[in-house]
There are 2 protein chains.
Amino acid sequence: MSQLTIEDIARLAHVSRSTVSRVLNDHPSVRPEVRDRVWGVIKEHGYAPQAAARHLVTQRTRLIGVLFPRSNQYLLANPVYASIGQGVGQMCTRRGYLAMISLGLGDMEEKMLFNMLRSRHFDGIVLVSSESHDPLPFFLKEARIPYTRIGHDPEGDDEAFVDVDDTEAAYKAVKHLISLGHQRIAIIKGPAAEVCIPRRYSGYIRALQEAGLPIDPLLVAEGDWLHTSGKAGMEHFLQLEHPPTAVFSCNDMMAAGAMHAIYEQGLHIPEDIAIVGFDDVPQTQVIIPALTTIRQPHEEMGSKATEMLIDRLEGKDGQINQVIFSTTLVIRQSCGALRNDATREGLQHIAPIA
Amino acid sequence: MSQLTIEDIARLAHVSRSTVSRVLNDHPSVRPEVRDRVWGVIKEHGYAPQAAARHLVTQRTRLIGVLFPRSNQYLLANPVYASIGQGVGQMCTRRGYLAMISLGLGDMEEKMLFNMLRSRHFDGIVLVSSESHDPLPFFLKEARIPYTRIGHDPEGDDEAFVDVDDTEAAYKAVKHLISLGHQRIAIIKGPAAEVCIPRRYSGYIRALQEAGLPIDPLLVAEGDWLHTSGKAGMEHFLQLEHPPTAVFSCNDMMAAGAMHAIYEQGLHIPEDIAIVGFDDVPQTQVIIPALTTIRQPHEEMGSKATEMLIDRLEGKDGQINQVIFSTTLVIRQSCGALRNDATREGLQHIAPIA
DNA sequence: TTGTAAGCGTTATCAC
DNA sequence: GTGATAACGCTTACAA
């Protein structure tokens, strides 16, 4: 029943297949009467034009591929990617495109991935990557596949991207800790290969220097974004002769891990140690105590990147194609009492904790 | 440079396009010498056949669509779906297919979704749904789109599915609590529209009855799978004249919410109240105390469902097409000391908590 | 406003 | 082992 072609519909509606095609594509020059008759037949038989044939002739698929870092095993479980995906998906539906993400790319050789990309399944790509020297943007450019990037590598030459000012964000987080009176502030970094990490580190350094605080290499740990590495980093800090009184973690998951380590030592947050995260994933509101963190507007970043891509695909040129979003320090309970004028956006979402 | 067609490659390699096609598809009857020459040209120019043209002529896309419940806003953040997706993706790569999930389906009218499905983007669908009377399976059957379902509705007539024995799983969880001496055991259910919920509830009832314990309607709360609803349910229980000493939550997120409520009352887990979850998402090991829960083999369910689907697509018939996976009670810290012979699988993953 | 016909880039069926 | 040639199911000039 659903194997019908446009030809069959044409016959049933007593018109030519061009007319059916016009009806399908909302072409104006079809007599209303005919249009209705054709639609009737289409609906009656549950006909939908076959994507492949359409793609072949138009040379466009109206499909947008979303590429997350392949290294990330459980990428789907990462709420950061979920929010980005949410934004991408919304913009796509709004503009009449379909956003697709393909599973199992991590199990695939790079060659196969590249081939998949080259087969023109997608009109364009939203690339989520803050990896420095990521081969993907180079490949996409060489293969002339339009893309916009979420995150960017200053040493690459991404033409279109959205990102945040990581340096300023980290600076804001650390300054908050300083304003609360902390003098020994540790940092848990992410993988060095991510371009955002040196930036966040420099924000951390700048805040310390501005406050005239010493920079102690012992207070720097390198994590891998995962809970476990945050825990390990914190355990390391707690064994120091002079442990920190506050920690800035480069993402929320590692912050949660750090909190875990703190509890295991029988210490309290924020009384003994204050902690600031990064990202503002939904779980931060559920952790006890609720995590003070830097909010990145992931969803908007996803939709903006997608909008830029679609604009480009549709030839709407002369648009800005590099956007830096601003971050927000969201103050919850993990640093103790408020004593500064940091913005309080997000506070209304906080579940009160006894 | 990448706009080349098979025709161009043929010309450059001094062969016909049939030969290039044969090379591309590993057809045996090509002289090795010719084969190498053609491959050389292909690689040199970064040529890859255009998917649409291929799909049109073969009438197959080797693409498999994964459909998660549309109601789920942040579906991607749900680690259950992440694990399922992992399994689907792995099996697809193994069998030479590509698994795709499309974003923004939630913002889309059902009509549009159906049309998308009918356009034969996908050779088949892995449908993740335990919703009762879900319209999707009916649509897929009517549209003759092959699918396998993860979860199943006994009142529907899904031909191919994988699922778990929810009744037995819930029974196991509650029995564990009983074996630890609990007499007042509450349950936090999920949405009534999910077929697994009545099953889990009946497992709960059976365990209580077998132990000769009374069934108290006050000890039943209905949640919506989310953290907040687990918290609300627990708050309700804690206000009762005779609060429960143990809770069985129908998923891990609500269990975490319940723990939140318990802490807010200044109570302790497991000393004051014991708690068992369901699913065994990775976070259960990170919660404090680590959550005792029922493990569902999500990843295997995903890969099995996919294997069944692909077998069917490839005409490998006579296979079993309905598989019930077994669940495991994973004992961690949220119920206190072990006193029974429940299987200990998963214990090795547990981070010790002071 | 509608129909005819060409063509999109492949694979597959034939001959040779 | 290789090369013409005919589909595949659409969209889109161009005619009528």
Side-chain angles (χ1 to χ4, degrees), chain A residues 1-39 41-42 45-63 96 115-116 118-123 143-144, chain B residues 1-39 41-42 45-63 96 115-116 118-123:
Chain A
M1 272 324 183
S2 111
Q3 320 280 28
L4 294 189
T5 74
I6 199 174
E7 191 70 52
D8 300 311
I9 302 298
R11 195 177 315 116
L12 291 162
H14 307 292
V15 292
S16 74
R17 65 166 171 274
S18 350
T19 298
V20 178
S21 176
R22 288 188 192 101
V23 170
L24 248 12
N25 296 288
D26 280 325
H27 194 95
S29 65
V30 178
R31 222 165 2 122
E33 176 195 325
V34 175
R35 207 176 55 83
D36 294 349
R37 188 173 73 229
V38 173
W39 267 125
V41 177
I42 289 176
H45 293 81
Y47 166 78
Q50 191 174 318
R54 203 170 235 194
H55 297 168
L56 178 58
V57 63
T58 59
Q59 294 295 75
R60 300 187 305 108
T61 65
R62 299 192 80 82
L63 255 35
N115 254 322
M116 190 270 266
R118 268 198 279 248
S119 340
R120 280 170 275 176
H121 277 103
F122 309 115
D123 288 348
R144 307 213 182 160
Chain B
M1 272 328 181
S2 115
Q3 319 280 29
L4 294 189
T5 74
I6 198 173
E7 191 69 51
D8 300 312
I9 301 299
R11 194 176 318 116
L12 291 162
H14 308 290
V15 292
S16 72
R17 63 164 172 275
S18 335
T19 299
V20 179
S21 177
R22 287 188 193 100
V23 170
L24 248 12
N25 296 286
D26 279 324
H27 195 94
S29 65
V30 177
R31 219 159 12 114
E33 176 196 324
V34 175
R35 206 176 56 84
D36 294 348
R37 188 174 72 230
V38 173
W39 267 126
V41 178
I42 289 176
H45 294 81
Y47 166 79
Q50 190 174 318
R54 199 170 239 193
H55 296 167
L56 179 57
V57 62
T58 59
Q59 294 294 75
R60 299 186 307 110
T61 64
R62 299 193 81 83
L63 254 35
N115 254 322
M116 190 270 269
R118 269 197 279 249
S119 340
R120 280 171 274 174
H121 277 103
F122 309 115
D123 288 348

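Below, read A as the first sequence line, B as the second, and so on, with proteins coming before strands; counting in each chain starts at 1.
Of the side-chain N and O atoms in Ser21(B), one or more sit less than 4.0 angstrom from OP1 or OP2 of dT11(C). Between Gln59(A) and dG7(C) there is no side-chain N or O to OP1 or OP2 distance below 4.0 Å. Between Thr58(A) and dC10(D), a side-chain N or O to OP1/OP2 separation shorter than 4.0 Å is absent.
Among the nucleotides dT2(D), dC10(D), dT10(C), the one closest to any side-chain atom of Ile6(A) is dC10(D). Proximity note for Thr5(A) (side chain, C-beta onward) versus dC8(D), dT1(C), dC10(D): the nearest is dC10(D). Relative to the side chain of Val57(B), the nucleotides dG3(D), dC10(D), dT11(C) differ in distance, and dT11(C) lies closest.
Arg60(A) and His55(A) get closest at one heavy-atom pair: O-CD2, 3.4 Å. The two atoms that bring Arg62(B) and Gly96(B) nearest to each other are NE-O, 3.0 Å, heavy atoms only.
Between the C1' atom of dG3(C) and the CD atom of Glu7(A) lies a distance of 12 Å, rounded to the nearest Å. Nucleotide dA12(C) holds its C1' atom 13 Å from the CZ atom of Arg54(B), rounded to whole Å.
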From CA spacing to verdict: side-chain contact (heavy atoms from CB on, under 4.5 Å), Gln50(B), Leu56(A): CA-CA 8 Å; Gln50(B) 190 174 318; Leu56(A) 178 58; 4.2 Å; yes
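Nearest-nucleotide mapping onto DNA chain C: of Pro32(A) and Val20(B), the residue sitting toward the 5' end is Pro32(A).
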Taking N or O atoms only and anything under 3.5 Å, show me the protein contacts with nucleotides 4-6 of chain D, one pair per line.
{"residue": "dA4(D)", "atom": "N7", "partner": "Ser18(B)", "partner atom": "OG", "Å": "3.3"}
{"residue": "dA4(D)", "atom": "N6", "partner": "Ser18(B)", "partner atom": "OG", "Å": "2.9"}

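Each end of the helix from dT1(C)-dA16(D) to dC16(C)-dG1(D) yields a helix axis from five base pairs, and these two axes differ in direction by 40° (to the nearest 10 degrees).
Within 4.0 Å of Ser29(B), counting heavy atoms only, lies at least one base atom of the nucleic acid.
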